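Chain naming here is simple, since letters A, B, ... match the order of the sequence lines and numbering starts at 1 in each. All values derive from a computational prediction rather than experimental measurement.
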Protein chains: 2
Amino acid sequence: MRIGELAERTTLSRDTIRFYERNGLIHSAPGEASSNSYRDYPDETVERLAMIREAQNAGFSISELALFISQLEGSSVEAGFDVEAFLERKIGEVEDKIRRSEKFLDALRATKRALARPDTG
Amino acid sequence: MRIGELAERTTLSRDTIRFYERNGLIHSAPGEASSNSYRDYPDETVERLAMIREAQNAGFSISELALFISQLEGSSVEAGFDVEAFLERKIGEVEDKIRRSEKFLDALRATKRALARPDTG
DNA sequence: ATAAACAATGGACAATTGTCAATGGTTTAT
DNA sequence: ATAAACCATTGACAATTGTCCATTGTTTAT
(Lines give C-alpha, C1' and ligand atoms only; values in the text may rest on other atoms or scores of the structure.)
Protein backbone atom coordinates (compact mmCIF):
# COMPACT_ATOMS: atom_id res chain seq x y z
CA MET A 1 0.00 0.00 0.00
CA ARG A 2 1.11 3.56 -0.57
CA ILE A 3 1.84 6.07 2.10
CA GLY A 4 -1.44 7.94 1.75
CA GLU A 5 -3.53 4.89 2.48
CA LEU A 6 -1.28 3.94 5.35
CA ALA A 7 -1.63 7.43 6.77
CA GLU A 8 -5.37 7.26 6.49
CA ARG A 9 -5.60 3.86 8.11
CA THR A 10 -3.37 4.76 11.02
CA THR A 11 -4.40 8.39 11.37
CA LEU A 12 -0.75 9.31 11.30
CA SER A 13 0.55 11.97 8.98
CA ARG A 14 2.63 11.04 5.96
CA ASP A 15 5.45 13.01 7.50
CA THR A 16 5.30 11.04 10.69
CA ILE A 17 5.35 7.79 8.77
CA ARG A 18 8.38 8.92 6.80
CA PHE A 19 9.99 10.03 10.01
CA TYR A 20 9.50 6.58 11.49
CA GLU A 21 10.85 4.95 8.38
CA ARG A 22 13.93 7.16 8.40
CA ASN A 23 14.46 5.94 11.94
CA GLY A 24 14.15 2.28 11.04
CA LEU A 25 10.82 1.57 12.71
CA ILE A 26 9.14 0.46 9.53
CA HIS A 27 10.24 -0.44 6.03
CA SER A 28 8.94 -0.19 2.51
CA ALA A 29 9.76 -1.57 -0.91
CA PRO A 30 10.21 0.31 -4.19
CA GLY A 31 6.72 -0.40 -5.48
CA GLU A 32 5.55 -2.16 -8.62
CA ALA A 33 5.51 0.63 -11.14
CA SER A 34 9.07 1.16 -12.16
CA SER A 35 8.54 4.64 -13.48
CA ASN A 36 7.97 6.33 -10.18
CA SER A 37 9.62 6.56 -6.81
CA TYR A 38 6.52 5.66 -4.84
CA ARG A 39 7.15 3.28 -1.99
CA ASP A 40 5.09 0.25 -1.16
CA TYR A 41 4.28 -0.58 2.46
CA PRO A 42 3.35 -4.12 3.49
CA ASP A 43 -0.09 -4.54 5.04
CA GLU A 44 1.35 -5.46 8.42
CA THR A 45 2.69 -1.94 8.71
CA VAL A 46 -0.73 -0.87 9.91
CA GLU A 47 -0.48 -3.08 12.99
CA ARG A 48 3.16 -2.30 13.39
CA LEU A 49 2.39 1.39 13.62
CA ALA A 50 -0.38 0.69 16.11
CA MET A 51 2.11 -1.24 18.19
CA ILE A 52 4.61 1.59 17.96
CA ARG A 53 1.97 3.96 19.22
CA GLU A 54 1.29 1.76 22.22
CA ALA A 55 4.99 1.35 22.89
CA GLN A 56 5.45 5.09 22.91
CA ASN A 57 2.52 5.47 25.24
CA ALA A 58 4.23 3.03 27.56
CA GLY A 59 7.43 5.04 27.53
CA PHE A 60 9.52 3.61 24.71
CA SER A 61 11.55 6.11 22.76
CA ILE A 62 12.01 6.00 19.01
CA SER A 63 15.61 4.95 19.31
CA GLU A 64 14.80 2.14 21.72
CA LEU A 65 12.16 0.90 19.35
CA ALA A 66 14.56 1.13 16.45
CA LEU A 67 17.13 -0.93 18.30
CA PHE A 68 14.62 -3.50 19.45
CA ILE A 69 13.01 -3.89 16.05
CA SER A 70 16.32 -4.22 14.29
CA GLN A 71 17.14 -7.08 16.63
CA LEU A 72 13.85 -8.87 16.13
CA GLU A 73 14.32 -8.52 12.40
CA GLY A 74 17.74 -10.05 12.58
CA SER A 75 19.15 -6.98 10.92
CA SER A 76 21.22 -6.67 14.04
CA VAL A 77 24.16 -4.38 13.89
CA GLU A 78 24.70 -3.80 17.57
CA ALA A 79 26.72 -6.66 18.93
CA GLY A 80 26.38 -7.39 22.60
CA PHE A 81 22.76 -6.37 22.68
CA ASP A 82 20.77 -8.84 24.71
CA VAL A 83 17.17 -8.70 23.55
CA GLU A 84 15.79 -10.72 26.41
CA ALA A 85 17.59 -8.63 29.00
CA PHE A 86 16.35 -5.52 27.26
CA LEU A 87 12.80 -6.82 27.33
CA GLU A 88 13.06 -7.73 30.97
CA ARG A 89 14.34 -4.31 31.84
CA LYS A 90 11.64 -2.54 29.87
CA ILE A 91 8.94 -4.75 31.38
CA GLY A 92 10.14 -3.69 34.81
CA GLU A 93 10.14 -0.06 33.78
CA VAL A 94 6.63 -0.19 32.44
CA GLU A 95 5.41 -2.01 35.54
CA ASP A 96 6.96 0.68 37.66
CA LYS A 97 5.47 3.42 35.60
CA ILE A 98 2.04 1.88 35.94
CA ARG A 99 2.41 1.53 39.69
CA ARG A 100 3.46 5.13 40.06
CA SER A 101 0.69 6.33 37.79
CA GLU A 102 -1.86 4.48 39.85
CA LYS A 103 -0.59 6.05 43.00
CA PHE A 104 -0.69 9.45 41.40
CA LEU A 105 -4.19 8.73 40.18
CA ASP A 106 -5.25 8.24 43.78
CA ALA A 107 -3.83 11.63 44.62
CA LEU A 108 -5.71 13.18 41.73
CA ARG A 109 -8.97 11.61 42.85
CA ALA A 110 -8.40 12.81 46.39
CA THR A 111 -7.79 16.31 45.10
CA LYS A 112 -10.97 16.18 43.13
CA ARG A 113 -12.96 15.03 46.16
CA ALA A 114 -11.41 17.80 48.22
CA LEU A 115 -12.39 20.37 45.63
CA ALA A 116 -15.89 18.99 45.55
CA ARG A 117 -16.23 19.67 49.28
CA PRO A 118 -16.78 23.43 49.20
CA ASP A 119 -16.27 23.88 52.95
CA THR A 120 -12.75 22.44 52.98
CA GLY A 121 -11.67 23.58 49.57
CA MET B 1 16.04 26.44 52.21
CA ARG B 2 18.40 27.38 49.44
CA ILE B 3 18.48 25.88 46.01
CA GLY B 4 21.47 23.66 46.65
CA GLU B 5 19.83 21.85 49.50
CA LEU B 6 16.61 21.55 47.55
CA ALA B 7 18.52 20.09 44.64
CA GLU B 8 20.23 17.60 46.89
CA ARG B 9 17.02 16.53 48.58
CA THR B 10 15.11 16.06 45.35
CA THR B 11 18.01 14.83 43.22
CA LEU B 12 17.06 17.44 40.67
CA SER B 13 19.64 19.80 39.26
CA ARG B 14 19.64 23.45 40.26
CA ASP B 15 18.98 24.29 36.65
CA THR B 16 15.93 22.09 36.55
CA ILE B 17 14.59 23.66 39.70
CA ARG B 18 15.08 27.14 38.26
CA PHE B 19 13.44 25.99 35.07
CA TYR B 20 10.41 24.84 37.03
CA GLU B 21 10.29 28.08 38.94
CA ARG B 22 10.48 30.12 35.76
CA ASN B 23 7.50 28.14 34.60
CA GLY B 24 5.47 28.79 37.72
CA LEU B 25 5.57 25.28 39.18
CA ILE B 26 7.23 26.35 42.40
CA HIS B 27 7.97 29.64 44.12
CA SER B 28 10.59 31.14 46.35
CA ALA B 29 11.05 34.20 48.54
CA PRO B 30 13.94 36.67 48.59
CA GLY B 31 15.71 35.09 51.56
CA GLU B 32 16.65 36.57 54.92
CA ALA B 33 20.04 38.06 54.24
CA SER B 34 19.42 41.30 52.48
CA SER B 35 22.87 41.55 50.99
CA ASN B 36 22.54 38.74 48.52
CA SER B 37 20.16 37.60 45.86
CA TYR B 38 19.80 34.06 47.18
CA ARG B 39 16.28 32.73 47.10
CA ASP B 40 14.58 30.87 49.89
CA TYR B 41 12.40 27.85 49.14
CA PRO B 42 9.74 26.71 51.60
CA ASP B 43 10.16 23.19 52.96
CA GLU B 44 7.04 21.93 51.19
CA THR B 45 8.83 22.47 47.90
CA VAL B 46 10.49 19.10 48.39
CA GLU B 47 7.15 17.30 48.30
CA ARG B 48 5.87 19.59 45.61
CA LEU B 49 8.74 18.62 43.36
CA ALA B 50 8.17 14.95 44.12
CA MET B 51 4.56 15.42 43.12
CA ILE B 52 5.59 17.19 39.94
CA ARG B 53 7.81 14.26 39.09
CA GLU B 54 4.93 11.84 39.51
CA ALA B 55 2.64 14.05 37.52
CA GLN B 56 5.09 14.11 34.65
CA ASN B 57 5.44 10.36 34.83
CA ALA B 58 1.68 10.15 34.49
CA GLY B 59 1.70 12.33 31.40
CA PHE B 60 1.24 15.88 32.64
CA SER B 61 3.16 18.52 30.76
CA ILE B 62 4.87 21.45 32.43
CA SER B 63 2.34 23.91 31.08
CA GLU B 64 -0.59 21.84 32.29
CA LEU B 65 0.96 21.68 35.71
CA ALA B 66 1.60 25.41 35.70
CA LEU B 67 -2.00 26.11 34.85
CA PHE B 68 -3.35 23.68 37.40
CA ILE B 69 -1.07 24.91 40.18
CA SER B 70 -1.86 28.54 39.50
CA GLN B 71 -5.53 27.69 39.91
CA LEU B 72 -5.08 25.80 43.16
CA GLU B 73 -3.06 28.70 44.46
CA GLY B 74 -5.76 31.15 43.60
CA SER B 75 -3.30 33.10 41.53
CA SER B 76 -5.67 32.41 38.69
CA VAL B 77 -5.21 34.43 35.59
CA GLU B 78 -7.03 32.23 33.12
CA ALA B 79 -10.69 32.93 33.38
CA GLY B 80 -13.02 30.19 32.29
CA PHE B 81 -10.74 27.46 33.47
CA ASP B 82 -12.70 24.80 35.28
CA VAL B 83 -10.36 23.02 37.67
CA GLU B 84 -12.73 20.19 38.42
CA ALA B 85 -13.42 19.55 34.77
CA PHE B 86 -9.71 19.63 34.10
CA LEU B 87 -9.09 17.13 36.87
CA GLU B 88 -11.80 14.86 35.61
CA ARG B 89 -10.38 14.94 32.12
CA LYS B 90 -6.86 14.24 33.30
CA ILE B 91 -8.04 11.41 35.53
CA GLY B 92 -9.64 9.84 32.51
CA GLU B 93 -6.50 10.28 30.48
CA VAL B 94 -4.29 8.70 33.10
CA GLU B 95 -6.70 5.80 33.49
CA ASP B 96 -6.61 5.27 29.78
CA LYS B 97 -2.86 5.45 29.67
CA ILE B 98 -2.62 2.84 32.41
CA ARG B 99 -5.03 0.53 30.63
CA ARG B 100 -3.12 0.79 27.39
CA SER B 101 0.19 0.28 29.15
CA GLU B 102 -1.10 -2.85 30.80
CA LYS B 103 -2.22 -4.21 27.50
CA PHE B 104 1.12 -3.41 25.97
CA LEU B 105 2.80 -5.04 28.93
CA ASP B 106 1.02 -8.25 28.11
CA ALA B 107 2.36 -8.06 24.59
CA LEU B 108 5.87 -7.51 25.92
CA ARG B 109 5.59 -10.50 28.21
CA ALA B 110 4.31 -12.63 25.36
CA THR B 111 7.24 -11.55 23.24
CA LYS B 112 9.62 -12.44 25.99
CA ARG B 113 8.07 -15.88 26.39
CA ALA B 114 8.27 -16.41 22.66
CA LEU B 115 11.92 -15.50 22.64
CA ALA B 116 12.56 -17.83 25.55
CA ARG B 117 11.22 -20.72 23.45
CA PRO B 118 14.19 -21.36 21.18
CA ASP B 119 12.26 -23.60 18.76
CA THR B 120 9.64 -20.97 17.90
CA GLY B 121 11.78 -17.90 18.18
C1' DA C 1 -5.12 16.74 -22.05
C1' DT C 2 -5.39 18.73 -18.08
C1' DA C 3 -6.30 19.87 -13.30
C1' DA C 4 -6.31 17.87 -8.77
C1' DA C 5 -4.48 14.81 -5.77
C1' DC C 6 -0.71 12.18 -4.56
C1' DA C 7 4.30 11.08 -3.78
C1' DA C 8 9.61 11.80 -2.68
C1' DT C 9 13.28 14.61 -1.01
C1' DG C 10 15.67 18.02 1.56
C1' DG C 11 15.93 21.27 4.75
C1' DA C 12 13.97 24.57 7.77
C1' DC C 13 11.16 25.14 11.69
C1' DA C 14 8.85 24.23 16.18
C1' DA C 15 7.50 22.70 21.04
C1' DT C 16 9.06 20.45 25.00
C1' DT C 17 12.22 19.66 28.60
C1' DG C 18 15.87 20.41 30.14
C1' DT C 19 21.49 21.34 30.31
C1' DC C 20 25.70 24.06 30.01
C1' DA C 21 28.82 27.97 30.12
C1' DA C 22 30.05 32.66 31.19
C1' DT C 23 29.89 36.32 34.27
C1' DG C 24 29.72 38.37 38.66
C1' DG C 25 28.54 38.36 43.24
C1' DT C 26 28.23 35.80 48.27
C1' DT C 27 29.13 32.46 51.88
C1' DT C 28 31.76 29.17 54.24
C1' DA C 29 35.63 26.53 55.64
C1' DT C 30 40.48 26.76 56.54
C1' DA D 1 42.06 36.57 54.15
C1' DT D 2 41.53 33.59 50.92
C1' DA D 3 40.21 29.57 48.32
C1' DA D 4 36.39 26.63 47.51
C1' DA D 5 31.77 26.20 47.17
C1' DC D 6 27.59 28.41 46.48
C1' DC D 7 24.11 31.46 44.05
C1' DA D 8 21.61 34.37 40.17
C1' DT D 9 21.08 35.66 35.47
C1' DT D 10 21.46 35.34 30.67
C1' DG D 11 21.63 33.14 26.66
C1' DA D 12 23.23 29.42 23.95
C1' DC D 13 22.87 24.65 23.14
C1' DA D 14 20.84 19.93 22.78
C1' DA D 15 17.80 15.72 22.24
C1' DT D 16 13.35 14.22 21.07
C1' DT D 17 9.46 14.06 18.17
C1' DG D 18 7.57 15.53 14.95
C1' DT D 19 5.58 19.40 11.21
C1' DC D 20 5.83 22.44 7.26
C1' DC D 21 7.45 24.14 2.86
C1' DA D 22 9.36 24.17 -1.70
C1' DT D 23 10.45 21.64 -5.51
C1' DT D 24 9.81 18.17 -8.69
C1' DG D 25 7.75 14.27 -10.54
C1' DT D 26 3.44 10.79 -11.02
C1' DT D 27 -1.25 9.24 -11.00
C1' DT D 28 -6.04 9.77 -11.32
C1' DA D 29 -10.39 11.80 -12.31
C1' DT D 30 -12.84 14.69 -15.54
Notebook entry, point to check: Do B:Asp40 side-chain atoms and B:Met1 backbone N/O form a donor-acceptor pair below 3.5 Å?
Noted result: yes
Next item on the list: Using modelled atom types only, decide if a donor and an acceptor are shared between the side chain of B:Arg48 and the backbone of B:Leu25 within a distance under 3.5 Å.
Entry: yes
Notebook entry, point to check: So what is the end-to-end bend of the helix from C:dA1-D:dT30 to C:dT30-D:dA1, with 5 pairs used at each end and the value given to 10 degrees?
Noted result: 10°
Rounded distance in Å - [atom1] ([X]) to [atom2] ([N]):
X       : N      : atom1 : atom2 : answer
B:Leu12 : C:dT17 : CG    : P     : 14 Å
B:Ile52 : C:dT17 : CD1   : P     : 12 Å
B:Phe19 : D:dA8  : CZ    : C1'   : 17 Å
A:Leu6  : C:dA8  : CG    : C1'   : 15 Å
B:Leu65 : C:dT16 : CG    : C1'   : 13 Å
B:Leu67 : C:dT16 : CG    : P     : 13 Å
A:Leu49 : D:dG18 : CG    : P     : 11 Å
A:Glu21 : D:dT17 : CD    : P     : 18 Å

Give me the distances for all protein-to-nucleotides 25-27 of chain C N/O pairs that come in under 3.5 Å?
residue: C:dG25; atom: N2; partner: B:Tyr38; partner atom: OH; Å: 2.8
residue: C:dT26; atom: OP1; partner: B:Ser35; partner atom: O; Å: 3.2
residue: C:dT26; atom: O4'; partner: B:Tyr38; partner atom: OH; Å: 3.4
residue: C:dT26; atom: O2; partner: B:Tyr38; partner atom: OH; Å: 3.3
residue: C:dT27; atom: OP1; partner: B:Ser35; partner atom: OG; Å: 3.1
residue: C:dT27; atom: OP1; partner: B:Asn36; partner atom: ND2; Å: 3.0

OP1 or OP2 of [N] versus the side-chain N and O atoms of [X]: is any pair under 4.0 Å?
X       : N      : result
B:Arg14 : D:dC7  : yes
B:Tyr20 : C:dT17 : no
A:Thr16 : D:dG18 : no
B:Arg18 : D:dA8  : yes
B:Gln56 : C:dG18 : yes

Check: Excluding sequence neighbours, so at least two apart, what forms side chain to side chain contact (heavy atoms under 4.5 Å, CB included) with B:Thr16?
Finding: B:Leu12, B:Ser13, B:Tyr20
Margin query: Please enumerate all residues that pass side chain to side chain contact (heavy atoms under 4.5 Å, CB included) together with A:Glu47, with sequence neighbours excluded.
Written below: A:Glu44
Sequence neighbours left out, what passes salt bridge (Lys or Arg N to Asp or Glu O under 4.0 Å) with [X]? Give chain and number order.
X       : answer
A:Glu95 : B:Arg109
B:Asp82 : none
B:Arg9  : B:Glu5
B:Arg89 : B:Glu93

Measure from the side chain of [X], starting at C-beta and using heavy atoms only, and say which of [options] lies closest.
X       : options                : answer
B:Asp15 : C:dT19, D:dC20, D:dT17 : C:dT19
B:Ile3  : D:dC7, C:dT19, D:dT17  : D:dC7
B:Ser61 : C:dG18, C:dT17, D:dG18 : C:dT17
A:Ile62 : D:dG18, D:dA8, C:dA7   : D:dG18

Item checked: Nearest-nucleotide comparison on DNA chain D, the residue closer to the 5′ end among A:Phe60 and B:Gly4 -> B:Gly4
Note to self: If the condition is side chain to side chain donor-acceptor pair (under 3.5 Å), which residues does A:Glu8 pass it with, not counting sequence neighbours?
What the structure shows: none
Next item on the list: Applying ring pair (Phe, Tyr, Trp, His ring centres under 6.0 Å), name anything that partners B:Phe60, two or more places apart in sequence or on another chain.
Entry: A:Phe104
Margin query: Which residues pass the ring pair (Phe, Tyr, Trp, His ring centres under 6.0 Å) test with A:Phe19, not counting sequence neighbours?
Written below: none
Next item on the list: Indicate yes or no: does A:Arg18 engage A:Asp15 in a salt bridge with an N to O separation below 4.0 Å.
Entry: yes
Check: For DNA chain C, whose closest nucleotide is more 5', that of A:Tyr41 or that of B:Ser13?
Finding: A:Tyr41
At a cut-off of 3.5 Å, list every protein nitrogen or oxygen paired with a nitrogen or oxygen from nucleotides 12-15 of chain C, distance to 0.1 Å.
none

Checklist line | Interatomic spacing from OG1 in B:Thr111 to CG in A:Leu72 - rounded to 0.5 Å | finding: 7.0 Å
